[in-house]
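Right, one structure below, let's go through it.
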Amino acid sequence: MLADLLHFFTTHWLGQVLVILAQCLAVTVPLLVSVAYMTYVDRKVWASIQLRRGPNVVGPFGLLQPFADGLKLVLKETIVPSSANKVLFVLAPMITFITALVAWAVVPFDDGWVIADINVGILYLFAISSLGVYGIIIAGWASNSKYAFLGALRSAAQMVSYEVSIGFVLVCVLLCTGSLNLSKVVASQAGGFWHWYWLPLLPMFVIFFVSALAETNRTPFDLPMSEAELVAGFHTEYSSMTFGLFFLGEYANMILLSAMGAVLFLGGWHAPFDVAPFTWVPGVVWFALKIAFLLFIFSWTKGTLPRYRYDQLMRLGWKVFLPVSLFWVVVTAAMLQFGGWVPKG
Amino acid sequence: MELQALAFYVFAAITVVSAAMVVGSRNPVYSVLYLILAFFNAAALFLLLGAEFIAMILVIVYVGAVAVLFLFVVMMLDINLTELKQGFLRYLPVGATIGVVLLLEILFALGVLGASKGTVAELAAKGVPVSSVENTRALGRVLYTQYFYLFQAAGLVLLVAMIGAIVLTLRQRPGVRRQNVGDQLYRRRDKAVTVVKVPTRGGVR
């Protein structure tokens, strides 16, 4: 009986499809729950920074607040502006949300815990994260509103600029690893937190994190939706669940980039010390803790820093990060070549 | 195997249809969106061939950067559709000629038109078999050894194109006030703020 079942799930096409669906659900459901609770944690962190209490009415400690908000958004009326392009207007939030979810297919949660262990994992993540901009541009254009359009243009310029330096950061990591496979990237960082890439590639880690803030349109780079100038930027015209999808997509993207940071620089599923009490904890827990740590820095930044001016944003991207990261690629390659640390393979 | 064939026909059909729609759709923004769809399906076709590196690079470069900038420009244009239609017949011969030339080149490269030396099939037979080594590694090996000079030449061509684009758009306008970041960062509180004790009903002198 058991052998029959095993046979069905490993060889029959229907069984394989069911297994893949189950894997997708096993990733997506916890992810959506974390997205919901990230909105809660975010608000709690800002509240603490501003000496407030944050959401504390719905449920114990306000823990049911995300669900109350979600329910409220679902029950509201979806308003499509009469001069908007209806198909693209509805499509845009879906693109934002879906691109934030599909990238998780290649993220390794633990040794061997990955849906698709592909050879070009880093490139896949980079490709998918560069697609997020389409949801925003299309939203801005389809709304047929000047605020939304200005927000979309800002966002497009910003995301394209910062992707370049993220690309060079990824090149540095893959030079050190010798592989584009994310599981191998994590495996090459084994043995204690001083083996993780944040230490040898510290400037790259900083550039990666700042670029991640810009990629996800978070403060201090939230110019595409700066409320003082553009009302709400590209999602000015959105209401109800169409707005909700943008909101959830933003948080899903934040979690995704934190996961990227954890995989590339913080040793993925590895414990910080390679000795007994730390190695008893399952790898997926360490991975979640690292993501949570990066997400806390996201919230902390939002609670602390004022918004950049647009020319400062462009200057930082093109005149500071691009030369520095390009220079660091050369330095890393030279160090590996002449220090005799070229990864074997 | 049938599944792979089915996937090929689906992706190929979508590529061809969306490529036709790039030319045929009335709204230029739709054209760019169809172009993106065509790129995506071309990437899927590369994946079916086992060329995962090229597939990802296609998505990163064309979908992630080039098409974004296309969309950026096209959205800001105020295009009159009737004017576009008037030009269509006039430019048709030029476009058709370019299309035919490209088609002939592809057929030559594939060796369909009789040439036997230097065809794609011949070069592929010489190289490393696709399945034995990761194709990122395989590409790196030929690109930095056998085709090193051609690779560098391609880089130089791109550099020249970049300089050309910068020169074309560079212009010095007099009387433009610029941000001087150094000055802004070195500005200290005592240079910008003076504390004045204001006497009652006296005002600030």
Side-chain angles (χ1 to χ4, degrees), chain A residues 13 16-17 85 87-88 91-92 95 99 106 116 118-134 136-138 140-142 144 148-150 152-161 163-164 166-167 170 174 178-181 184 309-312 314-316 319-320 345, chain B residues 1-3 6 27-30 32-37 39-40 43-44 46-47 50-77 130-131 133-141 144 166 176-182 184-185:
Chain A
W13 66 269
Q16 285 173 340
V17 167
N85 186 321
V87 179
L88 291 181
L91 205 62
I95 294 175
T99 51
V106 296
I118 59 175
N119 280 333
V120 286
I122 294 184
L123 290 181
Y124 175 82
L125 270 186
F126 190 50
I128 297 296
S129 73
S130 66
L131 295 182
V133 68
Y134 281 109
I136 294 173
I137 304 189
I138 292 174
W141 184 77
N144 206 357
F149 189 59
L150 284 172
L153 290 184
R154 283 183 178 189
S155 175
Q158 173 178 333
M159 287 171 98
V160 168
S161 312
E163 251 161 45
V164 184
I166 286 196
L170 296 183
L174 79 92
S179 173
L180 288 164
N181 185 321
K184 284 184 188 161
R309 218 170 47 213
Y310 201 71
D311 65 295
Q312 289 173 324
M314 283 295 142
R315 180 180 167 274
L316 185 70
K319 292 188 178 172
V320 180
Chain B
M1 213 56 218
E2 297 99 44
L3 201 65
L6 183 71
N27 190 331
V29 173
Y30 286 169
V32 179
L33 293 177
Y34 277 117
L35 185 66
I36 294 163
L37 191 61
F39 283 147
F40 251 113
F46 275 123
L47 275 184
E52 67 230 7
F53 182 77
I54 310 237
M56 289 303 149
I57 290 295
L58 186 72
V59 174
I60 292 171
V61 175
Y62 285 94
V63 182
V66 174
V68 172
L69 297 178
F70 274 2
L71 204 57
F72 197 99
V73 173
V74 165
M75 278 179 178
M76 287 198 283
L77 294 176
V130 179
S131 52
V133 61
E134 257 176 63
N135 60 53
T136 316
R137 216 175 277 282
L139 264 177
R141 275 185 195 157
Y144 290 98
I166 292 172
V176 178
R177 294 176 64 182
R178 293 183 187 284
Q179 307 278 355
N180 188 338
V181 179
Q184 289 170 1
L185 289 177

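Small disclaimer: the values here were computed from a predicted structure and weren't measured. Within every chain, numbering begins at 1; the chains are lettered A, B, ... in the order of the sequence lines, protein sequences first and strands thereafter.
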Are more than 12 heavy atoms, taken from residues, nucleotides or ligands other than B:Phe70, located less than 6.0 Å from that residue's CZ atom? no

Taking atom CZ of A:Phe149 as the centre, report whether more than 12 heavy atoms of other residues, nucleotides or ligands fall under 6.0 Å from it. yes

Checking heavy atoms, do the side chain of A:Asn85, its backbone, both or neither come under 4.5 Å from chain B? side chain

Part of A:Ile128 lying under 4.5 Å from any heavy atom of chain B: neither

Measure the spacing between CE of B:Met56 and CG of A:Leu180 and express it to the nearest 0.5 Å. 10.5 Å

Rounded to the nearest 0.5 Å, what's the gap from CG on A:Leu123 to CG on B:Leu58? Could you check? 12.5 Å

Nearest non-hydrogen partners of B:Phe72 and A:Leu153, listed with the distance: CE1-O, 3.4 Å

Closest non-hydrogen atom pair, A:Ser130 against B:Gly64: OG-CA, 3.6 Å

Atom group of B:Val29 that falls short of 4.5 Å from chain A, counting heavy atoms: side chain

Is it the side chain or the backbone of B:Ala67 that comes within 4.5 Å of chain A heavy atoms, both, or neither? both

Candidate pair A:Asn119 and B:Phe53, rule side chain to side chain contact (heavy atoms under 4.5 Å, CB included), full reasoning: CA-CA 9 Å; A:Asn119 280 333; B:Phe53 182 77; over 6 Å; no

Between the main-chain N or O of B:Val63 and the side-chain N or O of A:Tyr134, is there a donor-acceptor pair closer than 3.5 Å? yes

Please lay out, stage by stage, how A:Ile137 and B:Met75 fare under the test side chain to side chain contact (heavy atoms under 4.5 Å, CB included). CA-CA 9 Å; A:Ile137 304 189; B:Met75 278 179 178; 3.3 Å; yes

Side-chain touch B:Val59/A:Tyr124, heavy atoms, less than 4.5 angstrom: no

Please tell me if the side chains of A:Trp141 and B:Val74 come closer than 4.5 Å, counting only heavy atoms from C-beta onward. no

Top contributor to chain A interface from B:Val181, B:Leu71, B:Ile57 [non-hydrogen pairs under 4.5 Å]: B:Val181

Contact leader toward chain A among B:Ile36, B:Val61, B:Leu69, where contacts are heavy-atom pairs under 4.5 Å: B:Ile36

Closest-packed option against chain B by number of heavy-atom pairs under 4.5 Å, given A:Asn181, A:Asp311, A:Val164: A:Asp311

With chain B as the partner, which of A:Glu163, A:Arg315, A:Gln312, A:Met159 has the greatest number of non-hydrogen pairs under 4.5 Å? A:Arg315

